[in-house]
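Reminder, nothing fancy here: chain letters follow the sequence lines and each chain counts from 1.
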Protein chains: 2
Amino acid sequence: MVDLPQLPDDPSKLAREPLREQIRQVLVEGLLSGRWQPGERIVERRVATELKVSQAPVREALRELEGLRLIETVPNKGARVRAFGVQDMAEIYPVRAGLELVAAQLAAPRLAADPSRLEREVEALQEATARGDVSEQIRHSVEFHREIVCAADNSVLLHTWESLGVEVWTALSVRWLNMELHAKAADHAQITRAFREGDPSVGQMLSDHVLNYVEAAMKSHGVTR
Amino acid sequence: MVDLPQLPDDPSKLAREPLREQIRQVLVEGLLSGRWQPGERIVERRVATELKVSQAPVREALRELEGLRLIETVPNKGARVRAFGVQDMAEIYPVRAGLELVAAQLAAPRLAADPSRLEREVEALQEATARGDVSEQIRHSVEFHREIVCAADNSVLLHTWESLGVEVWTALSVRWLNMELHAKAADHAQITRAFREGDPSVGQMLSDHVLNYVEAAMKSHGVTR
DNA sequence: GTAGGCTCATCTGTCGGCAATATTCACACA
DNA sequence: TGTGTGAATATTGCCGACAGATGAGCCTAC
């Protein structure tokens with residue numbers, strides 16, 4: 001039994017998150033934690049009962065998850081957890097690489113002038129790696145990339161990049177495919193340096209770095225096709 | 001007063017489109033036709049009453065439109081038609097260019113082997129241009145690009161590209177910004193030739209072609225910032 | 001034994017209503 | 001005249017219920 005976070009106890013939060021957001025959060029955590037297995041059906045009304053809410057906000061939350069391709073829905077048949085694997089990575093990462101290549105080009109001037117945010121993330125990632133704190137590694141690794149995309153100052157680019165669900169998929173790939181994030185910290189430092197020095201090949205460097213994630217996943221999991 | 005397409009008269013269509021799809025279609029057309037002006041509020045219940053449906057499917061349709069960035073929603077305040085302009089084009093097209101660059105690289109072998117679908121679109125575009133049929137020009141112009149993305153055989157790439165709402169935004173840019181699609185047919189023919197001949201620079205060519213749309217929009221509308 | 005049809009349980013898609021929230025406007029007050 | 005206050009209204013967010021679609025199981029005819 002999963003409960004919604006009890007917000008009523010916290011009247012300080014003036015603008016309470018909409019219910020559907022909380023539900024989406026619960027569902028994502030459920031997927032990450034293996035509460036629902038791949039291929040398993042997610043029944044709207046059952047989730048609703050479980051969370052003591054109505055069907056409507058659950059539906060909306062499910063639609064968002066569909067946008068992230070975490071579930072698949074068939075009209076009149078409902079939603080199932082997607083069975084994802086290396087193949088999904090192989091499809092997602094080239095797209096990410098292409099987007100971040102664009103981002104790097106757009107963001108280069110801004111980041112050359114002020115790479116401090118990147119440096120902060122690199123530092124945090126190194127610390128987390130030293131501590132062996134995996135979830136912090138994921139967080140700062142993703143944040144590093146997000147900083148670059150944000151610095152491109154293109155809301156469509158950011159929106160599109162976000163819609164890939166990078167954080168969730170990274171977590172999934174670590175959990176389900178035993179992907180390792182090992183030596184990524186070094187890459188990040190090198191990329192940051194390239195930005196700082198205005199190296200024109202930084203875009204390609206970043207793109208290659210992203211594609212490397214796939215290689216790592218493929219290698220650690222075995223190429224299944 | 002706008003009506004939903006009367007499907008009950010057509011029992012041949014076995015799997016009727018979900019209501020929300022029909023509503024989305026009506027809303028998109030309303031936006032394209034100027035039924036709703038930029039900045040104007042879209043009130044869920046008003047639309048619902050008008051289409052003789054309930055609030056629920058309208059909400060879902062609106063969320064999809066939000067994904068296409070055609071409207072903006074603020075929690076507890078509702079949806080407004082986005083006021084879009086050249087600035088939006090300037091943000092969308094670099095992203096599109098980046099995605100299609102990836103698509104071209106992935107699709108190159110397949111399209112070199114069989115460029116017939118591209119050729120068909122080029123032909124249709126030329127015909128439409130000759131006839132001066134603008135909406136057909138838009139359709140085939142967009143289809144040409146979609147064919148390339150499809151040929152990349154990467155569902156995430158296709159999904160991401162689709163989420164940019166290329167067709168709608170192209171139509172909008174023609175309608176609201178008086179963007180011209182003039183000599184695009186020639187570009188398309190050249191790109192097709194490059195694919196057929198396995199020209200390795202086809203990706204860059206396609207990317208430049210897409211970015212050219214922005215140039216055209218900027219020029220025809222005047223740079224507003 | 002099996003193909004086709006019927007019944008029934010389950011679940012989605014949709015509905016109309018209610019409570020919570022935002023906005024507007026009138027009005028009192030400084 | 002400018003400003004805070006509160007009622008009135010408009011609209012979203014959510015709820016509980018129902019109609020129609022889907023799939024499983026059983027039953028019958030061959």
Tell me the interatomic distance from [X], atom [atom1], to [N], atom [atom2], rounded to whole angstroms.
| X | N | atom1 | atom2 | answer |
| --- | --- | --- | --- | --- |
| B:Arg59 | C:dG17 | CZ | C1' | 15 Å |
| A:Glu40 | C:dC11 | CD | C1' | 16 Å |
| B:Asn76 | D:dC14 | CG | P | 8 Å |
| B:Glu72 | D:dT12 | CD | P | 16 Å |
| A:Glu60 | C:dT14 | CD | P | 13 Å |
| A:Glu44 | C:dT14 | CD | C1' | 12 Å |
| A:Arg80 | D:dT22 | CZ | P | 15 Å |
| B:Lys52 | C:dG16 | NZ | C1' | 17 Å |

Ignoring backbone atoms, establish whether [X] has a side-chain N or O less than 4.0 Å from OP1 or OP2 of [N].
| X | N | answer |
| --- | --- | --- |
| B:Arg41 | C:dT23 | no |
| B:Arg45 | D:dT12 | no |
| B:Lys77 | D:dT12 | no |

Check your understanding: Quick one: on DNA chain C, does B:Pro57 or A:Ala79 contact a more 5' nucleotide (nearest heavy atom)?
Key ->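 The residue mapped nearer the 5' terminus is A:Ala79.
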Review point. Which atom names give the shortest non-hydrogen contact between A:Ser163 and A:Leu68, and what distance separates them?
Key: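 The pair with the smallest heavy-atom distance is O-CD2, 3.5 Å.
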Check your understanding: Closest approach of B:Arg82 and B:Pro38, non-hydrogen atoms and distance?
Key ->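 Distance-wise, the nearest heavy atoms are O-CB, 3.8 Å.
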Check your understanding: Base, sugar-phosphate, or nothing: which does A:Ile42 touch, judged by heavy atoms less than 4.0 Å apart?
Key ->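 Result for A:Ile42 = sugar-phosphate.
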Review point. A:Arg20 near the nucleic acid: base, sugar-phosphate alone, or nothing, with a heavy-atom cut-off under 4.0 Å?
Key: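 Since only primed, P, OP1 and OP2 atoms lie under 4.0 Å of A:Arg20, the category is sugar-phosphate.
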Exercise for review: State which of C:dT12, D:dC15, D:dG13 makes the closest approach to the side chain of B:Pro75.
Suggested key: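 My answer, after comparing the listed nucleotides, is D:dG13.
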**Study point:** Out of D:dT12, C:dT14, C:dC11, whichever nucleotide has its closest atom nearest the side chain of B:Val43
**Key:**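 In terms of side-chain proximity for B:Val43, the closest of D:dT12, C:dT14, C:dC11 is D:dT12.
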Practice item. Given ring pair (Phe, Tyr, Trp, His ring centres under 6.0 Å), test A:His188 with A:His140 step by step and report yes or no. Key: CA-CA 11 Å; A:His188 284 196; A:His140 290 294; over 10 Å; no
Practice item. Please name the residue in the list B:Leu125, B:Thr170, B:Asp133 that meets the side chain to side chain contact (heavy atoms under 4.5 Å, CB included) test with B:Ile138. Key: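 When side chain to side chain contact (heavy atoms under 4.5 Å, CB included) is applied between B:Ile138 and each of B:Leu125, B:Thr170, B:Asp133, only B:Thr170 qualifies.
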Review point. Just wondering, do B:Arg120 and B:Glu147 contact through their side chains at under 4.5 Å, heavy atoms?
Key: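 No; the side chains remain at least 4.5 Å from each other.
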Practice item. Look at the side chain of B:Gln55 and the base of D:dC14, then say whether one donor and one acceptor between them are separated by less than 3.5 Å. Key: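 Such a pair is found, so the answer is yes.
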